[in-house]
Amino acid sequence: MKIHNREDINAWLRHDTDFDDFYFCMAFANTSWWHPHPHMAWNYVIAENNIKTDIHGNMFVVDLFDVPKNIIDELHRNGIKVICHFSAGTKEDWRTDAGQFPSDGLGASNKNWTDETWVDIRNIQVRRIMRERIEHANRRHCDGVDPENVNGWEQNRAGLHLTPNDQLDYNRYLAQVAHANGLAVGLKNDVSQLSHLVVDFDFAINESCLENHTCDLYEPFFRAGKPVFHVQYVNSIREGHQRKEEICSNRPPNMNTLIKVKMDNWKLAC
């Protein structure tokens, strides 16, 4: 069915129950969303309960659920773009929508975080939950989203025998829903599939690629002129200052790197 106007959309909704296809269509119809700049100042504060909005930065990554709406509004008043982070690959037991995940859509426990369980990204209800989270980001006036845990296929960490194509299909689904809602979308880690997904995502966020020796794999994003925001963690502020030259000289020059102890206010930029 071709969609040209609101009447066509209403007809689609009346006669076609495949809302994923509807979002796929709308992703191409709505081409207006913000695109970050590769070298813009930023901060990564998804675990900060008292976000300092006066810290230098043009983009803040915050927790979708925990950040107060007045903080988002204040950041916007200060001319700062807001990226809202959420887990797109796990059920977090403390979230208000945790009870909506179907039992047949759950996999193994997340070894890196307690109270988290990998989800089956092929499951229709799981996808609808994630779609609703992205819609929630839109309602909160986020400028973009940062879906986490989008690499459950690697080493069968989700315990669901996901294939690389399963992950590609799901990650593209997330990107399409974000764009349909007028939001920029970042690819979090999933370094093995960067070359396949660079067209679909507006930017990338990586954690600790220097330790994992994977920073150079972001060349497809560099060639496309798309930002790669990188966090390198250290054990203390003192270590951060001591290692700044080492960290900044060993990462790719096009990588926008922050040195952080935790996912809170303090940062040191290259």
Side-chain angles (χ1 to χ4, degrees), residues 30-88 95 133-148 150 174-175 177-189 201-209 218 221-222 224-234 237 240-241 244 247-248 251 253-270:
N30 181 1
T31 57
S32 177
W33 59 84
W34 171 73
H35 292 77
H37 188 276
H39 302 294
M40 65 192 306
W42 70 296
N43 204 359
Y44 189 72
V45 289
I46 66 172
E48 177 59 64
N49 294 321
N50 185 26
I51 296 174
K52 295 181 179 179
T53 59
D54 57 347
I55 291 179
H56 176 60
N58 305 117
M59 182 186 89
F60 275 43
V61 183
V62 303
D63 186 272
L64 169 61
F65 299 99
D66 294 342
V67 64
K69 181 60 166 56
N70 67 293
I71 294 295
I72 295 177
D73 295 339
E74 185 174 349
L75 288 168
H76 281 154
R77 284 194 296 270
N78 293 339
I80 297 170
K81 298 296 185 180
V82 179
I83 303 297
C84 291
H85 166 277
F86 67 96
S87 177
R95 298 300 188 191
R133 289 185 173 188
I134 293 172
E135 291 172 343
H136 182 58
N138 186 10
R139 290 191 297 270
R140 302 206 78 194
H141 298 162
C142 305
D143 300 288
V145 288
D146 167 35
E148 177 104 40
V150 292
L174 295 172
V177 174
H179 290 158
N181 278 274
L183 299 171
V185 59
L187 179 61
K188 183 63 139 307
N189 301 321
F201 286 79
D202 305 299
F203 61 95
I205 296 181
N206 176 274
E207 295 172 290
S208 306
C209 67
Y218 282 87
F221 274 77
F222 300 146
K226 295 187 176 183
V228 179
F229 301 103
H230 166 229
V231 180
Q232 194 63 40
Y233 295 105
V234 292
I237 293 176
H241 286 285
K244 179 180 178 181
I247 290 171
C248 295
R251 49 104 201 198
N254 290 331
M255 190 166 270
N256 192 332
T257 297
L258 291 182
I259 300 169
K260 296 186 71 73
V261 177
K262 299 178 181 179
M263 296 171 285
D264 57 11
N265 286 314
W266 184 83
K267 67 170 183 173
L268 189 61
C270 287

Residues which pass salt bridge (charged side-chain N to carboxylate O under 4.0 Å, His left out) with Glu148, listed by chain and number, not counting sequence neighbours
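Lys188.
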State, without any angle test, whether His179 and Asp202 hold a side-chain donor-acceptor pair at a distance under 3.5 Å.
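Short answer, yes.
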List for me each residue that meets side chain to side chain donor-acceptor pair (under 3.5 Å) alongside [X], sequence neighbours excluded, and say none if there are none.
X     : value
Ser87 : Thr90, Asn149
Asn58 : none
His76 : Asp143

When the ring planes of Phe222 and Tyr218 are compared, do they come out parallel, tilted or perpendicular, using 30° and 60° as the limits?
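Plane angle between 30° and 60°, so tilted.
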Between His136 and Phe65, what is the ring plane arrangement, given parallel below 30°, perpendicular above 60°, and tilted in between?
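Parallel.
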When you measure from the side chain of [X] to the backbone N and O of [Y], does any donor-acceptor pair fall under 3.5 Å?
X      : Y      : result
Lys226 : Phe201 : yes
Arg133 : Leu64  : no
Asn138 : Leu183 : no
Arg251 : Cys248 : yes

Taking every non-hydrogen atom, the tightest pair across [X] and [Y]:
X      : Y      : value
Val261 : Ile237 : CG2-N, 3.5 Å
Phe203 : Ala184 : CE2-CB, 4.1 Å
Val61  : Ile205 : CG2-CD1, 4.2 Å
Ser208 : Tyr233 : OG-CD1, 3.6 Å

Yes or no on side-chain contact (heavy atoms from CB on, under 4.5 Å) for Phe229 and Met40, after CA distance, side-chain angles and deciding distance?
CA-CA 9 Å; Phe229 301 103; Met40 65 192 306; 4.1 Å; yes
Passing option when Val45 is tested against Val67, Asp264, Asn265, Ile71 for side-chain contact (heavy atoms from CB on, under 4.5 Å)
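With Val45 as partner, side-chain contact (heavy atoms from CB on, under 4.5 Å) holds for just one option, Asn265.
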Residue pairs, two or more places apart or on separate chains, that pass salt bridge (Lys or Arg N to Asp or Glu O under 4.0 Å) and touch residues 42-67:
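Applying salt bridge (Lys or Arg N to Asp or Glu O under 4.0 Å) to every pair that reaches into residues 42-67, excluding sequence neighbours, yields Asp63-Arg95, Asp66-Arg95.
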Who pairs with Lys267 by side-chain contact (heavy atoms from CB on, under 4.5 Å), at least two apart in sequence or on another chain?
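Per chain and number, Lys267 pairs via side-chain contact (heavy atoms from CB on, under 4.5 Å) with Asn43, Ile55, Leu258, Lys260.
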